[in-house]
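None of the values given here were measured: they were computed from a predicted structure.
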Amino acid sequence: PRWQRPPLTKLPRPATSQILNLGCFYQHPLPLITFTVSLDLHRMSKHLRYLLLQARRQEDPMREQERTCFLRALDCPAERLATWDLIPETSSGPRWTDYDVILLGGSGNYSVVDGGPWLTRVLETIQEIYERAIPTFASCWGFQIISKALGGDVITNLDQAELGTTDLTLTSAGESD
């Protein structure tokens, strides 16, 4: 395989891992694991092959906007970022060996909480990505579907919703890490 899962260091497991994101509250039953990777991602990003998995209707203008945002953030050529729609039923999915990194973004009209006829198929796809140990980045809906696929609960909790953006600055401790 092109990628192998690095040795994992298990941390003491809390009662549940809890993460708050965009109006949904995740409780993940799996033990926390961590590993350290030291790479020059900016230099590497121009050579990696990315697959952006989307859950958006064809007419959703955010389909292309999301792709454009990932291209800008990754600073990579457009030909290195392919997209694949998770929602329609297709006879076969992408060839995982064609990609170095999987990206999972948002969703305009599909809810992990509410589900639908597509949910089982998408959960199986996410489980396959995990089993193949393909490096994956998820945000928003993408994080919700990963949590659900790996045994977590995703619920709506509008009282604790956090929406918007926050500017982050790398500290000196982070720069030396």
Atom [atom1] in [X], atom [atom2] in [Y]: separation rounded to 0.5 Å?
X: Leu53; Y: Leu86; atom1: CG; atom2: CG; value: 4.5 Å
X: Asp60; Y: Glu66; atom1: CG; atom2: CD; value: 8.5 Å
X: Leu119; Y: Asp114; atom1: CG; atom2: CG; value: 10.0 Å
X: Asp75; Y: Arg80; atom1: CG; atom2: CZ; value: 13.0 Å

What is the ring orientation for Trp141 with Trp118, classed by angle as parallel under 30°, tilted 30 to 60°, or perpendicular over 60°? tilted

Would you check if [X] and [Y] make a side-chain contact, meaning some heavy-atom pair closer than 4.5 Å?
X: Cys76; Y: Leu71; value: yes
X: Asp85; Y: Gln58; value: yes
X: Gln65; Y: Cys69; value: yes

Do the side chain of [X] and the main chain of [Y] share a donor and acceptor less than 3.5 angstrom apart?
X: Gln54; Y: Arg63; answer: yes
X: Arg67; Y: Leu81; answer: yes
X: Ser107; Y: Ala55; answer: yes
X: Arg49; Y: Val101; answer: no
X: Ser147; Y: Phe143; answer: no
X: Asp100; Y: Leu48; answer: no
X: Gln127; Y: Ala149; answer: yes

Any chance you could lay out the side chain to side chain contact (heavy atoms under 4.5 Å, CB included) test for Leu123 and Ile145, step after step, and finish with the verdict? CA-CA 7 Å; Leu123 292 173; Ile145 199 72; 3.7 Å; yes

Closest approach of [X] to [Y] (non-hydrogen atoms, all atoms of both residues):
X: Ile146; Y: Ala138; result: CD1-CB, 3.6 Å
X: Tyr99; Y: Pro94; result: CE1-CB, 4.2 Å
X: Thr136; Y: Ile134; result: OG1-O, 2.8 Å
X: Tyr110; Y: Arg57; result: OH-CG, 3.6 Å

Please evaluate residues Tyr50 and Phe137 with respect to the criterion side chain to side chain contact (heavy atoms under 4.5 Å, CB included), reporting the C-alpha separation (whole Å), side-chain torsions for both, the decisive distance (0.1 Å), and the verdict. CA-CA 10 Å; Tyr50 299 94; Phe137 170 84; over 6 Å; no

Under 4.0 Å between a Lys/Arg side-chain N and an Asp/Glu carboxylate O for Asp98 and Arg95? yes

Should the pair Lys148-Asp153 be classified as a salt bridge under the 4.0 Å nitrogen-to-oxygen rule? no

Under the side chain to side chain contact (heavy atoms under 4.5 Å, CB included) criterion, do Tyr130 and Thr125 qualify, and how do the steps go? CA-CA 9 Å; Tyr130 174 76; Thr125 299; over 6 Å; no

Met62 with Val122, same ILVMFWY side-chain cluster at under 4.5 Å: no

Between Leu103 and Leu74, does a side chain to side chain contact (heavy atoms under 4.5 Å, CB included) hold up when you go through it step by step? CA-CA 11 Å; Leu103 307 168; Leu74 295 168; 3.8 Å; yes

